[in-house]
Amino acid sequence: MRSERFVFGVDLGGTKIEGALLEPAEPGPRVFARRRVPTRRDEGYDAIVERTARLVRELVAEAGLAALPPVGVGMPGSVSRRTGLVKNSNTTCLNGRPFRDDLRRALDAPVAFGNDADCFALAEARWGAARGFDDGVVFGAILGTGVGGGWVLRGRTWQGPNAMGGEWGHHALAPEGGRPCYCGRSGCVETALAGPALEASYERRSGRRLPLAEIVARRASDPHAGAVVGELLDAFGRAFGNVLTIVDPDVVVLGGGLSNIDLLYDEGRAAVARHVFNDELVTPVVRAELGDSAGVFGAALLAL
């Protein structure tokens, strides 16, 4: 098969590395090979570089390609525009290291690199819930164990000159007296809207630890659960109200574990409407469609 038909995506996470060889097509990509291997970050930086490169080479060889197609890699964190080194990755052994350049050398091929939330937003804009907004502005928001996001402008990701576009999880909702955040500040969106933060709030109130989905389900019968859902809706409304007032995207796509909470699409959207600087909210807020495929699909799209 001819390599120029294909792109290769790598989704590098804290627990797994996923690779996929695919052919871009409409309405969705054709996947020819796909595999996940454990990251094993405890083995260190060099092992991750080698394991990632081996995954790419093996899948390309198994597909019968004579040469590597363009490769894109998505992962938490970003590459500093000043130093070329990884920063802000929760796979901490990558921070301060030239992962992009080392992977290029290991593969002897160019590698495009992006943040995992950017890859999520890009895939949903091309093949998922935000298709149809190709000429507009898409905000992809990930709400899970953390809070992240990515921007897609007219079909391309946008990180900005500081490589931090979309990091809405670290704008402050309550800078004075807010909960401490791992980033060193306090009152960040992530301290109020991430799943673990909401579960911790329920535990402080009730003395019990429950999964967020169960807390939401107990809302009507459990006053502690009701209070936490109130916190969720308030933080959701304020945080998205800020984002929409500043940028006014054409569509918002929700991903991550919290995107499965149905009330975000009616009561949550109503809460956002209360906090935007306008007398109406027409922006669609939609649930992601690609599931855990978004990361690897978006990474492949980076390479086009």
Side-chain angles (χ1 to χ4, degrees), residues 9-16 18 39 72-80 86-92 94-95 113-125 128-130 137-153 157-160 162-173 179 181-185 187-198 212 232 235-236 238-244 246-247 249 251-261 264 268 272 285-299 301-302:
V10 176
D11 184 13
L12 174 56
T15 59
K16 56 87 179 170
E18 181 173 6
T39 305
V73 177
M75 61 171 285
S78 59
V79 173
S80 167
V86 175
K87 62 178 182 178
N88 301 332
S89 175
N90 59 10
T91 302
T92 55
L94 300 178
N95 288 326
F113 191 95
N115 174 266
D116 58 348
D118 290 341
C119 293
F120 160 77
L122 184 59
E124 289 291 339
V137 179
V138 175
F139 183 54
I142 297 177
L143 301 165
T145 55
V147 174
W151 293 102
V152 176
L153 282 66
T157 60
W158 184 82
Q159 283 196 326
N162 298 295
M164 63 182 184
E167 291 289 0
W168 72 298
H170 295 282
H171 83 262
L173 288 180
R179 296 170 189 151
C181 182
Y182 80 89
C183 73
R185 292 177 285 272
C188 292
V189 172
E190 189 160 306
T191 69
L193 199 49
L198 291 160
L212 183 58
L232 164 61
F236 187 86
R238 291 178 186 276
F240 275 105
N242 289 345
V243 172
L244 268 64
I246 294 168
V247 182
V251 61
V252 174
V253 184
L254 302 185
L258 271 71
S259 71
N260 296 315
I261 298 175
L264 294 182
V272 176
V285 178
V286 298
R287 195 190 315 253
E289 293 181 359
L290 298 175
D292 64 1
S293 294
V296 75
F297 287 176
L301 286 169
L302 293 174

| request: Determine the minimum heavy-atom distance between R179 and A192, stating which atoms define it. | output: NH1-CA, 4.1 Å
| request: Evaluate side-chain contact (heavy atoms from CB on, under 4.5 Å) for V272 paired with F236, printing each intermediate quantity in order. | output: CA-CA 7 Å; V272 176; F236 187 86; 3.7 Å; yes
| task | With the side chain counted from C-beta on, respond yes when P249 and V138 share a heavy-atom pair under 4.5 Å apart, and no when they do not. | result | no
| message | I need the minimum non-hydrogen distance between G295 and C119, along with the two atoms involved. | response | O-CB, 3.7 Å
| message | Would you compute the distance between atom NZ of K87 and atom CG of N162 and round it to the nearest 0.5 angstrom? | response | 6.5 Å
| query | Just by modelled atom types, is the L290 backbone N or O under 3.5 Å from a matching donor or acceptor in the E124 side chain? | reply | yes
| query | Which heavy atom in A163 sits nearest to a heavy atom in S78, and how many Å separate them? | reply | O-OG, 3.4 Å
| task | Step by step, work out the side-chain hydrogen bond (donor to acceptor under 3.5 Å, both in side chains) result for Q159 and N115. | result | CA-CA 9 Å; Q159 283 196 326; N115 174 266; 5.4 Å; no
| query | If you take all heavy atoms of A130 and V251, which pair is closest and at what distance? | reply | CB-CG1, 3.9 Å
| Nearest non-hydrogen partners of D292 and E18, listed with the distance | O-OE1, 4.1 Å
| request: Could you check if a side-chain atom of L258 sits within less than 4.5 angstrom of a side-chain atom of L198, using non-hydrogen atoms only? | output: yes
| Between CD of E167 and CD of E190, what distance do you get to the nearest 0.5 Å? | 9.0 Å
| Check: K16 and D11 side chains under 4.5 Å, non-hydrogen atoms | yes
| field | Rounded distance [0.5 Å steps], CZ in F120 versus OG1 in T157 | value | 14.0 Å
| query | Atom CG in L302, atom CZ in F297: separation rounded to 0.5 Å? | reply | 14.0 Å
| note | Nearest heavy-atom contact between L94 and M75 is CD1-CE, 3.1 Å
| query | Is it true that a side-chain atom of N95 and a backbone atom of N88 form a donor plus acceptor pair closer than 3.5 Å? | reply | yes
| task | I would like to know whether V252 and L244 meet side-chain contact (heavy atoms from CB on, under 4.5 Å); could you show each step before the answer? | result | CA-CA 9 Å; V252 174; L244 268 64; 3.9 Å; yes
| message | Among N242, L193, I246, V247, exactly one meets side chain to side chain contact (heavy atoms under 4.5 Å, CB included) together with W168. Which residue is that? | response | L193
| task | Could you tell me whether the side chain of R287 and the main chain of S259 form a donor-acceptor pair under 3.5 Å? | result | yes
